[in-house]
Amino acid sequence: MAKKLVIKVTAGADAPERCSQAFTVAAVAVASGVEVSLWLTGESSWYALPGRAAEFELPHAAPLPDLIDGILSGGGAITVCTQCAARRDIEESDLIEGVRIAGAQLFVSEIMPDGVQALVY
């Protein structure tokens, strides 16, 4: 059975190292052939909007736009939390192509099956 990795990012520019680590782990896992679902919550929700990831800066870290491109082009999924999007007035039509908005029900259904590893940053 193939393993799946579900990563929830709870930080953005407010905790850049934690944010960058989550995107990096997701991109490396996708590049390694792992099925990945990356969930953006809280301040990381902003990085689902075109151009916002380019504003993120962290010395010695891979650029967020490159990591996002690697995740999406490698078959990974990126989801913005429904409530987090609503609190920021983010709508599905605002998002980078390939990113979706979904809620806790889908998150729970992704993390519960056997063979799934969930990480929270």
Is there a side-chain contact between Ile71 and Ile78 (heavy atoms, below 4.5 Å)?
yes
Sub-3.5 Å donor-acceptor pair from the side chain of Thr82 to the main-chain atoms of Ala102, do we have one?
yes
Do you know the tightest heavy-atom contact between Thr41 and Cys81?
CG2-CB, 3.8 Å
Backbone of Pro16 reached by a side-chain donor or acceptor of Ser20 within 3.5 Å
no
Please examine the side chains of Phe23 and Leu40, heavy atoms only from C-beta on, and report whether any two atoms are closer than 4.5 Å.
yes
Looking only at side-chain N and O atoms, does Thr79 offer a donor or acceptor that is under 3.5 Å from a partner on Arg100?
yes
For the residue pair Trp39 and Glu110, confirm or rule out a side-chain donor-acceptor distance under 3.5 Å.
yes
How close do Ile96 and Pro50 get, heavy atom to heavy atom, and via which atoms?
CG1-N, 3.8 Å
Shortest non-hydrogen contact from Gly42 to Ser45?
O-OG, 2.8 Å
Tell me whether Lys8 forms a cation-pi arrangement with Tyr121, defined as NZ or CZ under 6.0 Å from the six-membered ring centre and within 45 degrees of its axis.
no
Path from Leu119 to Val36 over hydrophobic side-chain contacts below 4.5 Å
yes
Residue pair Pro63 / Phe56, side-chain heavy-atom distance below 4.5 Å
no
Within a 6.0 Å radius of atom CD on Glu57, are there more than 12 heavy atoms belonging to other residues, nucleotides or ligands?
no
Before giving the answer on side-chain contact (heavy atoms from CB on, under 4.5 Å), spell out for Glu17 and Leu58 the whole-Å C-alpha distance, their side-chain angles and the decisive distance to 0.1 Å.
CA-CA 7 Å; Glu17 289 181 308; Leu58 182 63; 4.0 Å; yes
Given 3.5 Å as the limit, does a donor-acceptor pair link the side chain of Asp14 with the main chain of Ala11, or not?
no
Is it true that Ile68 and Leu5 fall in one hydrophobic cluster, defined by side-chain heavy atoms closer than 4.5 Å?
yes
Polar contact flag, side-chain donor to acceptor under 3.5 angstrom, Arg18-Thr10
yes
Grab the two heavy atoms, one from Ala48 and one from Val99, that are nearest each other, plus how far apart they are.
CB-CG1, 3.9 Å
Would you say the side chain of Val25 lies within less than 4.5 Å of the side chain of Ile7, judging by non-hydrogen atoms?
yes
Note: Asp89 and Asp94 closest approach over all heavy atoms is O-OD2, 3.8 Å
If we only count heavy atoms from C-beta on, is the Leu95 to Glu92 side-chain gap below 4.5 Å?
yes
Hphob cluster co-occupancy, Ile90 + Leu72, side-chain heavy atoms under 4.5 angstrom
yes
same_hphob_cluster(Leu38, Val34) at 4.5 Å side-chain heavy-atom cutoff
yes
What is the minimum heavy-atom distance between Val80 and Ala85, and which atoms define it?
CG1-CB, 3.8 Å
Can any side-chain N or O of Ser73 pair as donor or acceptor with the backbone N or O of Asp69 at less than 3.5 Å?
yes
Within this structure, what is the CG-CZ distance for the pair Leu64 and Arg52, rounded to the nearest 0.5 Å?
12.0 Å
Any side-chain heavy atom of Val9 within less than 4.5 Å of one from Tyr47?
no
